[in-house]
Peer 1: 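I have a structure I would like to understand better, so I am pasting it below and will then ask my questions one at a time.
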Amino acid sequence: MEYPDTLKELNTLYKALNDFYHSYAQSCGVSDSVSLIYYGLYILGDGCLQRDICNLGFVRKQTVNSAVQKLAAQGFLELRAGRGRDMHLFLTEKGQCEMQRVAGASALIEQRAFESLGDEGGQQLLRLTRAYICALRENAQDAAFPAPNQIKRSIP
């Protein structure tokens with residue numbers, strides 16, 4: 001069976017999106033994981049947990065933890081103990097400035113791009129993306145995909 005050109009194009013588009021965020025992080029002089037942490041704190045706010053950032057960016061805990069430790073050592077954020085083993089992230093004043101520079105600009109770019117689709121186009125993009133993710137999950141279960149119960153990221 002030949003792989004359809006439309007799916008090749010879809011995968012190319014997803015890669016282009018990932019490449020955009022990678023290039024953006026590089027242009028800001030930070031790693032992808034540091035950019036994600038700033039973005040996570042921008043979206044979720046001070047006091048969020050490392051696992052919240054992992055869930056937001058679909059990255060492994062070790063990746064986030066390494067970047068968090070680096071940012072803490074450089075004085076950009078502080079870790080504060082919470083319940084059990086929970087560690088809450090709080091930006092320092094220096095970290096707040098960096099977050100605005102990196103994530104504030106990124107969020108504005110995203111907002112403008114999404115708004116350029118218009119209300120109907122934006123809603124259509126969300127609806128179709130949700131439908132595609134649901135169809136992926138359903139087909140993974142129908143095909144006895146390994147560990148389908150682990151494919152559980154929630155769809156807003």
Side-chain angles (χ1 to χ4, degrees), residues 6-137 140 150-156:
T6 52
L7 286 177
K8 288 177 189 173
E9 183 177 3
L10 180 62
N11 289 329
T12 300
L13 291 171
Y14 279 128
K15 173 138 180 26
L17 190 59
N18 287 331
D19 288 347
F20 169 80
Y21 285 105
H22 173 71
S23 295
Y24 179 80
Q26 282 186 322
S27 74
C28 291
V30 299
S31 68
D32 293 358
S33 51
V34 166
S35 178
L36 173 63
I37 290 165
Y38 284 135
Y39 185 81
L41 284 161
Y42 186 86
I43 300 294
L44 302 168
D46 255 353
C48 71
L49 300 170
Q50 289 186 45
R51 78 167 155 260
D52 298 331
I53 293 174
C54 293
N55 292 334
L56 180 70
F58 303 107
V59 295
R60 294 179 3 189
K61 208 182 313 183
Q62 297 90 328
T63 302
V64 170
N65 188 54
S66 295
V68 163
Q69 296 305 320
K70 178 182 172 185
L71 289 171
Q74 294 173 336
F76 290 104
L77 62 82
E78 297 173 355
L79 296 159
R80 297 184 196 157
R83 241 181 339 155
R85 295 177 50 180
D86 286 349
M87 294 301 285
H88 296 271
L89 308 179
F90 291 89
L91 290 165
T92 63
E93 189 174 322
K94 181 171 136 177
Q96 285 283 345
C97 292
E98 270 299 280
M99 180 195 63
Q100 285 300 325
R101 183 182 74 82
V102 174
S106 170
L108 183 59
I109 291 167
E110 288 176 335
Q111 183 179 350
R112 287 179 178 167
F114 194 78
E115 287 172 353
S116 76
L117 301 175
D119 288 341
E120 187 177 321
Q123 290 306 312
Q124 186 176 12
L125 175 62
L126 294 174
R127 183 178 47 77
L128 290 173
T129 303
R130 281 189 204 106
Y132 182 65
I133 292 168
C134 286
L136 282 172
R137 288 189 182 127
Q150 292 181 9
I151 307 172
K152 59 183 178 185
R153 299 276 189 214
S154 63
I155 302 172

Peer 1: If we only count heavy atoms from C-beta on, is the Arg51 to Asp86 side-chain gap below 4.5 Å?
Peer 2: yes
Peer 1: Quick one: CG on Leu41 to CG on Leu56, what's the gap to the nearest 0.5 Å?
Peer 2: 10.0 Å
Peer 1: Nearest 0.5 Å, what's the CD1-OH distance between Ile43 and Tyr38?
Peer 2: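 Those atoms lie 15.5 Å apart.
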Peer 1: Specify the closest pair of heavy atoms between Gly122 and Leu117, including all atoms of both residues, with the distance to one decimal.
Peer 2: N-CB, 3.8 Å
Peer 1: In this structure, are over 12 heavy atoms from other groups packed under 6.0 Å from Gln62 atom CD?
Peer 2: yes
Peer 1: Answer yes or no: is there a side-chain heavy-atom contact under 4.5 Å between Tyr42 and Gln100?
Peer 2: yes
Peer 1: Taking C-beta and beyond as the side chain, do Leu91 and Glu98 meet within less than 4.5 Å on heavy atoms?
Peer 2: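 No, side chains not in contact.
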Peer 1: Using 4.0 Å as the upper bound for N to carboxylate O, is an ion pair formed by Glu115 and Arg112?
Peer 2: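 Looking at Glu115 together with Arg112, the answer is no, because their closest N to O distance does not fall below 4.0 Å.
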Peer 1: Give a yes or no on this: more than 12 heavy atoms of other residues, nucleotides or ligands lie within 6.0 Å of atom CZ of Arg60.
Peer 2: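 At most 12 heavy atoms, drawn from other residues, nucleotides or ligands, come within 6.0 Å of this atom.
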Peer 1: I'd like to know whether Asp46 forms a side chain to side chain contact (heavy atoms under 4.5 Å, CB included) with Gln96, so could you lay out the CA-CA distance, the side-chain angles of the two residues, the decisive distance to 0.1 Å, and finally the verdict.
Peer 2: CA-CA 10 Å; Asp46 255 353; Gln96 285 283 345; 3.6 Å; yes
Peer 1: Going by atom type alone, with no hydrogens or angles, which donor-acceptor pairs under 3.5 Å involve a side-chain atom of residues 14-21 and a protein atom two or more places apart or on another chain?
Peer 2:
residue, atom, partner, partner atom, Å
Lys15, NZ, Asp19, OD1, 2.9
Lys15, NZ, Asp19, OD2, 3.1
Tyr21, OH, Glu110, OE2, 2.4

Peer 1: Return the set of residues passing side chain to side chain donor-acceptor pair (under 3.5 Å) with Asn11 (not counting sequence neighbours), or none when no residue passes.
Peer 2: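 Per chain and number, Asn11 pairs via side chain to side chain donor-acceptor pair (under 3.5 Å) with Tyr3.
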Peer 1: Grab the two heavy atoms, one from Gly47 and one from Phe90, that are nearest each other, plus how far apart they are.
Peer 2: CA-CZ, 3.4 Å
Peer 1: Minimum heavy-atom separation for Ser35 to Ala25, with atom names?
Peer 2: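 Heavy atoms of Ser35 and Ala25 come nearest at CB-CB, 3.7 Å.
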Peer 1: Throw together a table of side-chain donor-acceptor distances under 3.5 angstrom for residues 67-82, partners on residues two or more places apart or in other chains.
Peer 2:
residue, atom, partner, partner atom, Å
Gln69, NE2, Asn65, OD1, 3.3
Glu78, OE1, Arg80, NH2, 3.2

Peer 1: Ser106 side chain to Val102 main-chain N or O, any donor-acceptor pair under 3.5 Å?
Peer 2: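 No: the side chain of Ser106 does not pair with the backbone of Val102.
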Peer 1: Would you compute the distance between atom CD of Gln111 and atom OG of Ser116 and round it to the nearest 0.5 angstrom?
Peer 2: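 So the CD of Gln111 and the OG of Ser116 are separated by 11.5 Å.
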Peer 1: Does any part of the side chain of Ile133, heavy atoms only, come nearer than 4.5 Å to the side chain of Arg130, both counted from C-beta?
Peer 2: no
Peer 1: In Å, rounded to the nearest 0.5 Å, how long is the span from CG of Leu36 to CZ of Phe58?
Peer 2: 10.5 Å
Peer 1: Any chance you could lay out the side chain to side chain contact (heavy atoms under 4.5 Å, CB included) test for Leu49 and Met87, step after step, and finish with the verdict?
Peer 2: CA-CA 6 Å; Leu49 300 170; Met87 294 301 285; 5.8 Å; no
Peer 1: What distance do Gln50 atom CD and Lys61 atom NZ have between them, rounded to the nearest 0.5 Å?
Peer 2: 9.0 Å
Peer 1: Would you compute the distance between atom OH of Tyr132 and atom CZ of Arg137 and round it to the nearest 0.5 angstrom?
Peer 2: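 Separation between the atoms: 12.5 Å.
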Peer 1: What I'd like to find out is whether the side chain of Ile53 reaches to under 4.5 Å of the side chain of Leu89, using heavy atoms alone.
Peer 2: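 The answer is yes; the side chains approach within 4.5 Å.
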